[in-house]
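Bear in mind the structure is a predicted one, so any value in this text is a computation, not a measurement. Heavy atoms only: backbone and side chains are in, while hydrogens, waters and symmetry mates are out.
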Amino acid sequence: QVQVVESGGGLVESGGSLRLSCQGSGFTSKYYTWGWYRQIPGKERELVALITSGGSINYADFVEGRFTISRDNDLHASYLQMNNLKREDTAVYYCNARRAAYGRSDFYSYWGQGTQAAVSS
């Protein structure tokens with residue numbers, strides 16, 4: 001069955017780095033947009049970065065050049081490299097794979113369980 005699993009979260013000091021990984025299985029990931037989202041405690045889930053099936057990339061304004069999203073279609077994976085982390089980046093980070101359901105009025109959308117990133121000091 002379809003599965004999306006995040007990893008790579010942890011505790012890091014401000015100014016440090018984390019590399020998050022998202023492993024997909026059970027679907028043809030090369031046709032999907034990979035998205036990384038985060039949820040700060042007490043706030044709504046928000047988009048961090050997207051990379052489409054064609055390689056087009058978008059970042060949220062708060063990224064400010066610090067993060068890099070990438071994908072590996074052969075490995076069915078997406079990655080989020082986060083550098084120069086700030087305390088306000090502390091959140092649960094989620095991976096999403098999405099594509100249009102052609103001929104229908106809905107989408108295929110798969111979410112992982114999330115990985116915690118905590119930035120101290």
> Does Arg45 make a cation-pi contact with Trp111, if we ask for NZ or CZ under 6.0 Å from the ring centre and within 45° of the axis?
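Cation-pi check for Arg45 and Trp111: passes.
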
> Could you pull out all donor-acceptor pairs under 3.5 Å where a side-chain atom in residues 21-31 meets a protein atom, sequence neighbours excluded?
from: Gln23; atom 1: NE2; to: Leu75; atom 2: O; distance (Å): 2.9
from: Gln23; atom 1: NE2; to: His76; atom 2: O; distance (Å): 3.2
from: Ser29; atom 1: OG; to: His76; atom 2: ND1; distance (Å): 2.9

> Could you give the distance from CZ (Arg87) to CD (Glu13), rounded to the nearest 0.5 Å?
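It comes to 14.0 Å.
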
> Side chains of Arg104 and Phe107: does their closest heavy-atom pair fall under 4.5 Å?
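The answer is no, as the side chains (C-beta and beyond) never meet within the 4.5 Å cut-off.
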
> Is the shortest side-chain heavy-atom distance between Phe62 and Val48 below 4.5 Å?
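Yes, close enough: below the 4.5 Å cut-off.
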
> State, to 0.1 Å, how close Tyr59 and Ile69 come at their nearest heavy-atom pair, and which atoms those are.
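Residues Tyr59 and Ile69, closest heavy atoms: OH-N, 3.0 Å.
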
> Does Thr33 reach the main-chain N or O of Thr52 with its side chain, forming a donor-acceptor pair under 3.5 Å?
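Not a single qualifying donor-acceptor pair exists.
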
> Between CH2 of Trp36 and CG of Asn96, what distance do you get to the nearest 0.5 Å?
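So the CH2 of Trp36 and the CG of Asn96 are separated by 10.5 Å.
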
> Restricting to non-hydrogen atoms, name the atom on Ala77 and the atom on Trp34 that form the minimum distance, rounded to 0.1 Å.
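Minimum heavy-atom contact is O-NE1, 3.9 Å.
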
> Is the closest side-chain heavy-atom distance between Tyr79 and Asp72 below 4.5 Å?
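Contact flag for Tyr79/Asp72 side chains = yes.
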
> Side chains of Ser14 and Val119: does their closest heavy-atom pair fall under 4.5 Å?
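In short, these two side chains touch, coming nearer than 4.5 Å.
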
> Excluding sequence neighbours, so at least two apart, what forms salt bridge (Lys or Arg N to Asp or Glu O under 4.0 Å) with Arg66?
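For Arg66 the salt bridge (Lys or Arg N to Asp or Glu O under 4.0 Å) partners, ignoring immediate neighbours, are Asp89.
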
> With sequence neighbours left out, what residues match Glu64 under side-chain hydrogen bond (donor to acceptor under 3.5 Å, both in side chains)?
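For Glu64 the side-chain hydrogen bond (donor to acceptor under 3.5 Å, both in side chains) partners, ignoring immediate neighbours, are Lys86.
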
> Looking only at heavy atoms, which two atoms of Leu18 and Gly8 are closest? And how far apart?
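What the structure gives for the nearest pair is CD2-O, 3.7 Å.
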
> Would you say the side chain of Leu50 lies within less than 4.5 Å of the side chain of Ile57, judging by non-hydrogen atoms?
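In short, these two side chains do not touch, never coming nearer than 4.5 Å.
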
> With sequence neighbours excluded, tell me which residues meet side-chain hydrogen bond (donor to acceptor under 3.5 Å, both in side chains) with Arg71.
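Testing Arg71 for side-chain hydrogen bond (donor to acceptor under 3.5 Å, both in side chains), a comparison that skips the adjacent residues, returns Asn73.
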
> Donor-acceptor check, side chain of Glu6 to backbone of Gln113, threshold 3.5 angstrom: yes or no?
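The answer is yes, because a donor-acceptor pair under 3.5 Å joins these two groups.
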
> Name all residues meeting the side-chain hydrogen bond (donor to acceptor under 3.5 Å, both in side chains) criterion together with Tyr93; count only those two or more places apart in sequence or in a different chain, and write none if there are none.
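By the side-chain hydrogen bond (donor to acceptor under 3.5 Å, both in side chains) rule, Tyr93 matches Arg38.
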
> Side chains of Ile51 and Tyr32, heavy atoms from C-beta outward: is any pair under 4.5 Å?
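Side chain of Ile51 against side chain of Tyr32, heavy atoms only: no contact under 4.5 Å found.
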
> If the condition is side-chain hydrogen bond (donor to acceptor under 3.5 Å, both in side chains), which residues does Asp74 pass it with, not counting sequence neighbours?
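Here no residue qualifies.
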
> On a heavy-atom basis, which atom in Ser120 and which in Leu11 lie closest, and how many Å separate them?
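Shortest heavy-atom contact: CB-CD1, 4.3 Å.
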
> Show your working on side chain to side chain contact (heavy atoms under 4.5 Å, CB included) between Val63 and Met82 and close with a plain yes or no.
CA-CA 9 Å; Val63 169; Met82 303 192 294; over 6 Å; no

> Kindly determine whether Gln81 and Ser17 satisfy side chain to side chain contact (heavy atoms under 4.5 Å, CB included), including the steps that lead there.
CA-CA 8 Å; Gln81 178 68 46; Ser17 298; 4.0 Å; yes

> With a 4.5 Å heavy-atom cut-off, do Tyr94 and Leu20 have their side chains touching?
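Sidechains of Leu20 and Tyr94: no contact.
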
> Nearest heavy-atom pair of Leu80 and Ala49: which atoms, and what distance?
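The answer is CD1-CB, 4.3 Å.
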
